[in-house]
Amino acid sequence: MSHVIVLDFGAQYNQLIARRVREAEVFCEVMPGDTSLEDIMEKTPDALILSGGPASVFQQGAPTMDPRLLSAGIPTLGICYGMQLMTRILGGDVRPAAEREYGRTLLRIIESSPLFKGIPEQSQVWMSHGDVVKATPPGFETLAFTPTTPIAAMGNAEQKLWAVQYHPEVHHTPNGFRMLQNFLYLIAGLRPDWRPDDLIETSVQQICNQVGERRALVALSGGVDSAVAAALAHRAIGSRLTAVLIDHGLMRENEVEEVRQAFSDMDLRIENAAPQFLHALLGITEPETKRKIIGREFIRAFERARENVGTVECLIQGTVYPDVIESGSKKAETIKSHHNVGGLPDDADFTIIEPLRWLFKDEVRRVGIALGLPESIVWRQPFPGPGLAVRIVGEVTPDAIKMVRHADAIIRQEIRVAGLERQIWQAFAVLLDVRSVGVMGDSRTYGHPIVIRAVESQDGMTADWVRLPPELLDKMASRIVGEVSGINRVVYDITSKPPGTIEWE
Ligand code: XMP
C-alpha cells in the first residue's frame, strides 16, 4: 500500500495535509519534524511532505529535520516553512520578508512541470508566511511567482524535491488538491489504494493493542463521533466493552431516550449525573471555567460508572481532530477547551484511547457508513460534549436549560421539516442572559432572546452562516416566542467562523 509521511513542523492545520492525502486515497501519517532518517526509513515511505509551521527558520531553536532525508531519493514536497527549511538545508537563500504575507493571492506559473499539470497558468492560492526564498538551492528551477513572492514554487526533478510557498491544503487554494494529487500520482508514482474501510482495520487493531486484555468503557453521547468510536471498540474487544452515557442534564430533547434505543444491542449503562453537574455549575458564567468543570465532572461520573462495571482501566472517546487542535497543542494557541481533551483533570486515572483523534467529521461519517451504523446516527448534527451549558450565555439554571432545550427542539424540527438537515452542519439555539422589552397581547413582556445559529461547514474548523429562507426563520421565530415561556425575541446570528466560533462559548 502507498504510504506518505507528513513531517510536522507545528502548523495549526498540518493535519489538513494528511486529510487531503487520504482524500486522494493514499495512506498517510504525521510524524514529528525531527524524526531521524533511520526511524523514517523503517516505515519505508513512498513520499514525504514537509509541513508548514509558525516559526521562522532564523529563530533560535526553530524546528529542523534530518538533512540526510533530502538526499535519500524519497520524493519530497515542502510546504511553506517546509520549503524554507529545504532551501536553507540545500544551500539556497531565505530572507525575512519586508512584510508578513497573509491571505489570498494570485499564483503565476512560469515553468511547466508535473507538479502543475492541468492547473491554469494563473490561479488563486492562500499564503501565510514571514520569510521568503530569495534564491533557490543549486539544481532547482523556479516554477511560479506571486505579486509579492518571486519564488512561490520550485522543483528539482532529478532529485525529486519540490516545494511551494502557499498552502495547497486549504479550501482557499482551489487547485491545491490537484497539485497534491500531481505530487502523489505523477511525481511519486503512487496509486490511490487506500479506503476508509482500511481505517477500520487499522483502528480496530490499534484499540486491540492499546486495551490488551483489559476492560474498557466507551463514552457515548449519541453523536456520530462517539457512536463510531463505540462501534470500532465493540469490534475490537467485544464483550469487554461497556458503553456509558453520562446524562449531565444538558442533553437535547429526548436525546437520552433516543440513544438508549439506538444502542440497545450493546452493554449500555446510563449514569444520571445531572444533580452533580448542575450543582458544580451553580453561579459559574465564565465559558472556560464551565468547560473545565464539565470536564472534571465527566471524569468523576465515569469513575462512578466504572465502580458499577468492575475493573476497567481504559476509556475510549470519540475525540476528533478539530477538538484536538482547538484545545491547543504544544505550539498552537487554545481557542476553547473541548471537554473531552483540554478539560480533563490531571488526576484522571484512565488510559484514554481516542481512535478518531486524527480524523475530521466527514471522514468519521464515512467510517460510520462503512461500519454499517444507522443513518439516523451517522447524519446526526454535531453536539458539543458540554451540551447545552455552552449554549447558555451566563449561568446554567434549570429554567435556562428548559428554555434553550425547547427552542433548540423547535429549530431542529423546522430544519428537518424543510429537508435541510443533511445540507447544513448545525442549526441550534443559544440563550442570552440579557433581557429586552416586548409586547404580547396587551401586556408588556421583559424576557430573554434566543439566537438562531445555523452554519455550513466541511469540518467545523471554518464555517459560514447559512442563508436560511426568511419564511423558515419567521416560522421558527413565531414558534419560539409563542411556545417557549420566558422568550420574547429571536435574533439570527450572521457571523462566520472565523471570526466567530460556531458555539457561543
Ligand atoms: P466551535 O464552537 O469551536 O465548534 O467553532 C466547532 C465544532 O465543535 C463542536 N464543539 C465541541 N465538540 N466537545 C465536542 O465534542 C466540545 O467541547 C465542543 N465544543 C464545540 C461544535 O458544536 C462545532 O461543531
Side-chain angles (χ1 to χ4, degrees), residues 12-13 15-16 218-230 245-246 248 250-252 255 259 277 281 286-299 315-329 332-345 352 354-357 359-365 379-393 396 404 408 411-412 415 421-422 424-430 451-466 493 495-505:
Q12 206 186 40
Y13 295 113
Q15 284 292 334
L16 262 182
V218 63
L220 209 52
S221 72
V224 57
D225 302 342
S226 61
V228 171
L245 173 73
I246 303 296
H248 49 17
L250 299 158
M251 297 289 205
R252 291 173 281 195
E255 193 152 33
V259 173
F277 275 82
L281 286 168
E286 206 282 314
E288 269 302 285
T289 315
K290 276 186 193 171
R291 284 177 171 271
K292 296 276 187 214
I293 289 175
I294 291 169
R296 189 191 70 205
E297 288 304 317
F298 258 107
I299 289 294
L315 175 61
I316 291 164
Q317 295 199 124
T319 315
V320 294
Y321 181 62
D323 305 338
V324 177
I325 193 69
E326 303 241 320
S327 290
S329 66
E333 201 178 326
T334 302
I335 312 288
K336 298 176 183 187
S337 303
H338 280 206
H339 87 275
N340 41 6
V341 190
L344 291 183
I352 307 273
E354 296 171 322
L356 312 174
R357 196 177 168 83
L359 298 190
F360 290 79
K361 181 79 71 186
D362 53 342
E363 293 182 303
V364 172
R365 287 205 164 110
W379 290 105
R380 243 187 139 111
Q381 291 190 350
F383 186 59
L388 297 175
V390 291
R391 294 181 177 173
I392 295 169
V393 175
V396 181
V404 80
D408 179 74
I411 292 172
R412 287 187 302 120
I415 290 282
E421 199 180 24
R422 281 196 196 180
I424 62 181
W425 176 260
Q426 269 170 308
F428 58 87
V430 179
V451 178
I452 300 175
R453 181 79 165 135
V455 294
E456 282 164 344
S457 175
Q458 293 258 329
D459 46 33
M461 292 178 83
T462 58
D464 199 6
W465 63 278
V466 184
D493 183 350
T495 322
S496 294
K497 172 183 179 176
T501 52
I502 296 177
E503 306 288 345
W504 272 48
E505 292 195 336

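Both ligands and their constituent atoms are indexed starting at 1 by order of listing. Just so you know, these numbers use all the heavy atoms, side chains as well, and skip hydrogens, waters and symmetry mates.
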A student checking ligand 1 against Pro382 at a 4.0 Å heavy-atom cut-off should list atoms 24 (O)

Below 3.5 Å, N or O to N or O, backbone or side chain included: is there any such pair between Gly460 and ligand 1? no

Show me which atoms of ligand 1 lie under 4.0 Å from any heavy atom of Thr501. 1 (P), 2 (O), 5 (O)

Got a list of side-chain donor-acceptor pairs under 3.5 Å for residues 223-230, not counting sequence neighbours?
| unit_1 | atom_1 | unit_2 | atom_2 | d |
| --- | --- | --- | --- | --- |
| Asp225 | OD1 | Lys361 | NZ | 3.0 |
| Asp225 | OD2 | Lys361 | NZ | 2.8 |
| Ser226 | OG | Ser221 | N | 2.9 |
| Ser226 | OG | Ser221 | OG | 3.2 |

Would you say that Leu245 contacts Met251 through its side chain, given a criterion of any heavy-atom pair below 4.5 Å between the two side chains? yes

Nitrogen or oxygen atoms of Ile502 and ligand 1 under 3.5 Å apart: yes

Using a 4.5 Å cut-off on heavy atoms from C-beta on, say whether the side chain of Leu250 contacts that of Leu281. yes

Side chain to side chain contact (heavy atoms under 4.5 Å, CB included) against Thr462, all qualifying residues, sequence neighbours excluded: Pro498

Less than 3.5 Å between some nitrogen or oxygen of Arg291 and one of ligand 1, yes or no? yes

What atoms of ligand 1 come within less than 4.0 Å of a heavy atom belonging to Pro384? 10 (N), 11 (C), 12 (N), 14 (C), 18 (C), 19 (N), 20 (C), 22 (O)

How does Lys497 reach ligand 1, by side chain, by backbone, by both or by neither, if only non-hydrogen atoms under 4.0 Å count? side chain

Check ion pair Arg252-Asp408 (N to O, under 4.0 angstrom): no

I'd like to know whether ligand 1 has Trp504 as a neighbour, heavy-atom separation below 4.0 Å. no

Backbone N/O of Thr289 and side chain of Glu286: donor-acceptor pair under 3.5 Å: yes

Can you tell which of Glu503, Gln317, Lys361, Gln381 gets a heavy atom nearest to atom 21 (C) of ligand 1? Glu503

